[in-house]
Amino acid sequence: MNQKGILIVVSGFSGAGKGTIMKELLKKYDNYALSISATTRGPREGEVDGREYFFKTREEFEKMIAKDELIEYAMYVNNYYGTPKAYVEEQLNAGRDVILEIEIQGALKVKEKFPETLLLFVTPPTAEILKNRLVGRGTETMDVIEQRMKRACEEAEGMEKYDYYVVNDVLEDCVEHVHQIIQAEHSRSYRNIEFAEHIKRDLKGE
Ligand code: 5GP
């Protein structure tokens, strides 16, 4: 059936566990490609340039915007974040499902540009669990944590625009859930118009 890769956007509150889910998904299955974003935020401890992000200065980032090298970009808590175009196109053409882990403004821009994009929203079971995860991560100051909780409230307003919700309670179940949603998406009738045409001709003996 459908051999073309699907573009998937995964959003969710900061601390919802998107990164961990994606890492596990890629470890378990090999048809997924994760896009690496560019950002002006500084690297957290343990983050490597070109692995978690391409870390850029504001000037470098603005040059990428000017050269139209990004599919989308957005400002998030005072920093730019954007998706480089070349890698995404290359992987989709090679038949891989490409995952963008981006916030809501960017997600909606991608959906507008590419209406066939699958939008997934990851959420923790409760607000308390979210805050505990952010504090437990130990990489942000209380001030930034408060900003991220506030941003979560704003982002929750846009949840209805997503195609599916994924509640991150038990990690393993969550990874499997994401995989199943994507696999089912491959069977959507509108993604398989050529197949339908083919079987119709076949039935008529053409
Ligand atoms: P963090 O600083 O925690 O790594 O990311 C902050 C937020 O930026 C997260 O919600 C993350 O999904 C989002 N983000 C990461 N890369 C991109 C991107 O390329 N574009 C957009 N619009 N958001 C991104």
Side-chain angles (χ1 to χ4, degrees), residues 7-23 25-26 32-58 60-65 67-89 91-92 98-114 117-124 127 130-159 161-162 165-166 168 174 178:
L7 185 57
I8 303 144
V9 166
V10 177
S11 302
F13 315 123
S14 175
K18 290 163 294 186
T20 316
I21 297 167
M22 293 311 117
K23 220 185 267 168
L25 186 73
L26 265 79
Y32 297 118
L34 188 64
S35 158
I36 301 170
S37 297
T39 183
T40 56
R41 120 158 132 60
R44 294 190 186 120
E45 209 181 305
E47 286 185 337
V48 176
D49 186 39
R51 191 178 68 188
E52 279 79 14
Y53 283 104
F54 295 107
F55 295 101
K56 304 282 178 194
T57 63
R58 188 167 276 252
E60 286 169 338
F61 198 99
E62 284 170 352
K63 217 174 261 172
M64 291 178 83
I65 299 173
K67 288 200 220 128
D68 197 27
E69 288 173 5
L70 302 170
I71 291 182
E72 61 72 40
Y73 67 92
M75 195 58 119
Y76 179 94
V77 189
N78 304 323
N79 278 299
Y80 277 129
Y81 291 81
T83 308
K85 208 186 270 182
Y87 177 79
V88 172
E89 285 176 351
Q91 294 295 317
L92 284 176
V98 180
I99 302 175
L100 312 183
E101 192 202 312
I102 64 180
E103 53 66 69
I104 188 163
Q105 300 168 62
L108 299 180
K109 282 186 219 159
V110 173
K111 182 82 179 177
E112 212 176 281
K113 247 187 186 167
F114 308 103
T117 305
L118 174 66
L119 298 185
L120 308 184
F121 196 90
V122 179
T123 165
L130 181 67
K131 186 151 187 191
N132 289 344
R133 283 188 193 156
L134 281 174
V135 175
R137 191 152 79 179
T139 51
E140 258 83 32
T141 60
M142 268 328 273
D143 188 37
V144 171
I145 289 171
E146 288 308 328
Q147 284 182 52
R148 285 181 178 233
M149 287 302 288
K150 194 168 152 247
R151 176 67 184 232
C153 272
E154 290 162 19
E155 291 200 331
E157 290 301 315
M159 282 176 71
K161 299 199 171 82
Y162 284 72
Y165 297 146
V166 181
N168 184 13
C174 192
V178 170

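Remember, it's 1-based here, ligands and their atoms both numbered in the order they're listed. Bear in mind the structure is a predicted one, so any value in this text is a computation, not a measurement.
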Item to check | Derivation of the ring-ring contact (aromatic ring centres under 6.0 Å, His included) call for F121 and F13 | outcome: CA-CA 9 Å; F121 196 90; F13 315 123; 5.2 Å; yes
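Under a 4.0 Å criterion applied to the non-hydrogen atoms of S37, ligand 1 contributes the atoms 16 (N), 17 (C), 18 (C), 19 (O). Residue G106 approaches ligand 1 through these ligand atoms, each under 4.0 Å from one of its heavy atoms: 22 (N). Each of the atoms 22 (N) of ligand 1 lies under 4.0 Å from some heavy atom of A74.
Closest to atom 11 (C) of ligand 1 among all protein heavy atoms lies E101 O, 3.9 Å. Among protein heavy atoms, the minimum distance from atom 23 (N) of ligand 1 is reached at E103 N, 3.2 Å.
Put simply, no part of K109 is less than 4.0 Å from ligand 1, judged by heavy atoms.
Checked against S14 for a side chain to side chain donor-acceptor pair (under 3.5 Å), the options R148, Q147, E140, R151 give a single hit: R148.
Using a distance-only test at 3.5 Å, with no hydrogens or angles considered, no donor-acceptor pair links the side chain of T117 to the main chain of I8.
Crowding of K113 atom NZ: a count of heavy atoms from other residues, nucleotides or ligands under 6.0 Å exceeding 12. Within 6.0 Å of CD in E112 there are 12 or fewer heavy atoms belonging to other residues, nucleotides or ligands. A 6.0 Å sphere centred on NZ of K109 holds more than 12 heavy atoms belonging to other residues, nucleotides or ligands.
Contacts of R148 with ligand 1, taken as heavy-atom pairs under 4.0 Å, involve the side chain alone. Contacts of Q105 with ligand 1, taken as heavy-atom pairs under 4.0 Å, are absent altogether. Proximity of E140 to ligand 1, defined as any heavy-atom pair under 4.0 Å, is not found for any part of the residue.
Taking distance alone, with nitrogen or oxygen atoms compared against 3.5 Å, G82 approaches ligand 1 more closely than that limit. Annotation: E72 places an N or O atom under 3.5 Å from an N or O atom of ligand 1; distance criterion only. Annotation: Y53 places an N or O atom under 3.5 Å from an N or O atom of ligand 1; distance criterion only. Distances between N or O atoms of S14 and those of ligand 1 include no value under 3.5 Å. An N or O contact shorter than 3.5 Å is missing between Y76 and ligand 1 by distance.
Atom 2 (O) of ligand 1 has its nearest heavy-atom neighbour, among K18, R41, E52, in R41.
For the atom pair CG of L134 and CD of E146, the computed distance is 9.5 Å after rounding to the nearest 0.5 Å. We find the OH-OG1 distance between Y76 and T40 to be 13.0 Å, quoted to the nearest 0.5 Å.
Looking only at side-chain heavy atoms (C-beta outward), F54 and D49 come within less than 4.5 Å of each other.
With no hydrogens or angles considered, a side-chain donor-acceptor pair links Y80 and E62 at under 3.5 Å.
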